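Just follow the structure's listing: the first ligand is 1, and inside any ligand the first atom is 1. In this chain, numbering begins with 1 at the start of the sequence shown. All values below come from the heavy atoms of this structure, side chains included, with hydrogens, waters and symmetry mates left out. Remember, it's a predicted structure, so these values are computed and weren't measured experimentally.
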Amino acid sequence: MSKPVRKAVIPAAGFGTRFLPFSKSVPKEMLPIVDRPVIDFIVAEAVAAGMTDILIITSRHKKVMEDHFDRFPELEVALEAKGKSDELKQIVDITKQANIHFIRQGEALGLGHAIGMAEAHVGDEPFAVLLGDDIMHERAGVLSGMVDAYNTHGSSVVALMEVDPQDIGSYGCAATESTDNDRLKKVTGLVEKPKPEVAPSNLAVMGRYLFTPTIFEEIRKTGPGVGGEIQITDAMLSLLDREQMLGYTFSEGRFDTGKKEDYLRAVVELTLERDDVGPAFREILADVCRREGLV
Ligand code: G1P
């Protein structure tokens, strides 16, 4: 019987150079979708998939993320005194949804290295990894589906999505074989950011992983790869020699908020879905579209 997946690791230590100058002083994970930072959506997804313990890997210029998930007694007292109970509940609930911990990656040595920093915290348990700038819409059910696959098969699972073959060089790429379940593939090979002409497929590794703790042994053995960084994809490739790994395929519902265009799409789509500002925003959008001759 496999141990339950209770822990999630969110690597969020990068500079966010694509969002400069904003990200010079504010972490890109704090970009707002109206009034909630991107990192809130990632944490909420982990909680919805059953995680009760979340470790965020951050770095020295990202202290505000810690403040966001911490209690703020002076503000709580002020909101209480003003009778602003909804706002009070919101800011307290953020801190109570899970046990949220932080450690810092002192040097930017790569995603594999950042995940390796979670070893002492995670221990001998399976754990999920959610990249800090990919929002997955809940309708896609990616992480929950991966947890189901882990519970059934007991092996590591990685989220995979087909991309335009020309774009595969921006991602980890998986070679796979089919299984008797349409959603699940058997991963047979992995390569980080291959040139499109040598890529084994157009199946890209998206920002969700579910690992058995054996991955830590492989990370420790992994040297610098593409870009001189310790790549999680390389550690996963060596894990394949020891354990089966499944690919959980999905086709939509991912917003890469580290890219400006995709961030804007996330803002538009997720705002339209809101009960409070959604209806007014729909009218604003329709207005702009008419004015711009888009409809
Ligand atoms: C990272 C991973 C890559 C994965 C991608 C998903 O790359 O190294 O394998 O496909 O995230 O977004 P990055 O986007 O950090 O360059």
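- Nearest-residue assignment for atom 5 (C) of ligand 1 (options L160, V205, D133, L190; heavy-atom criterion): V205.
- Using a cutoff of 4.0 Å between basic side-chain nitrogens and carboxylate oxygens, E125 and K7 are scored as salt-bridged.
- Of all atoms in ligand 1, listed by their number and element, those nearer than 4.0 Å to a heavy atom of D134 are 12 (O).
- Near Q231, meaning under 4.0 Å from one of its heavy atoms, ligand 1 places the atoms 8 (O).
- In this structure, R265 does not pair ionically with E261, as no charged nitrogen and carboxylate oxygen lie closer than 4.0 Å.
- Remark: atom 14 (O) of ligand 1 lies closer than 4.0 Å to no protein heavy atom.
- Some N or O of K193 is nearer than 3.5 Å to an N or O of ligand 1, by distance alone.
- Between the side chains of Q105 and T58, no donor-acceptor pair of N or O atoms lies under 3.5 Å.
- We find that K221 and E218 are joined by a salt bridge, their nearest charged nitrogen and carboxylate oxygen being less than 4.0 Å apart.
- Between E217 and R242 a salt bridge is recorded (basic side-chain N to carboxylate O distance below 4.0 Å).
- Contacts with ligand 1 closer than 4.0 Å are made by side-chain heavy atoms of L131 only, the backbone lying farther away.
- Checked against side chain to side chain contact (heavy atoms under 4.5 Å, CB included), I284 has the following partners two or more places apart in sequence or in another chain: V288.
- One finds a salt bridge joining K3 and D124 here, because a Lys/Arg side-chain nitrogen approaches an Asp/Glu carboxylate oxygen to under 4.0 Å.
- Residue I232 places no N or O, backbone or side chain, under 3.5 Å from any N or O of ligand 1.
- Under 4.0 angstrom from ligand 1, the non-hydrogen atoms of R254 all belong to its side chain.
- When only interatomic distances are considered, the shortest N/O to N/O separation between E192 and ligand 1 falls below 3.5 Å.
- The aromatic rings of F127 and F216 lie parallel to each other, their planes meeting at an angle below 30°, with 60° marking the opposite boundary.
- Residue T233 has at least one heavy-atom neighbour below 4.0 Å for each of these atoms of ligand 1: 9 (O).
- Interface atoms of ligand 1 facing G172, defined by a heavy-atom separation under 4.0 Å, are 3 (C), 4 (C), 9 (O), 10 (O).
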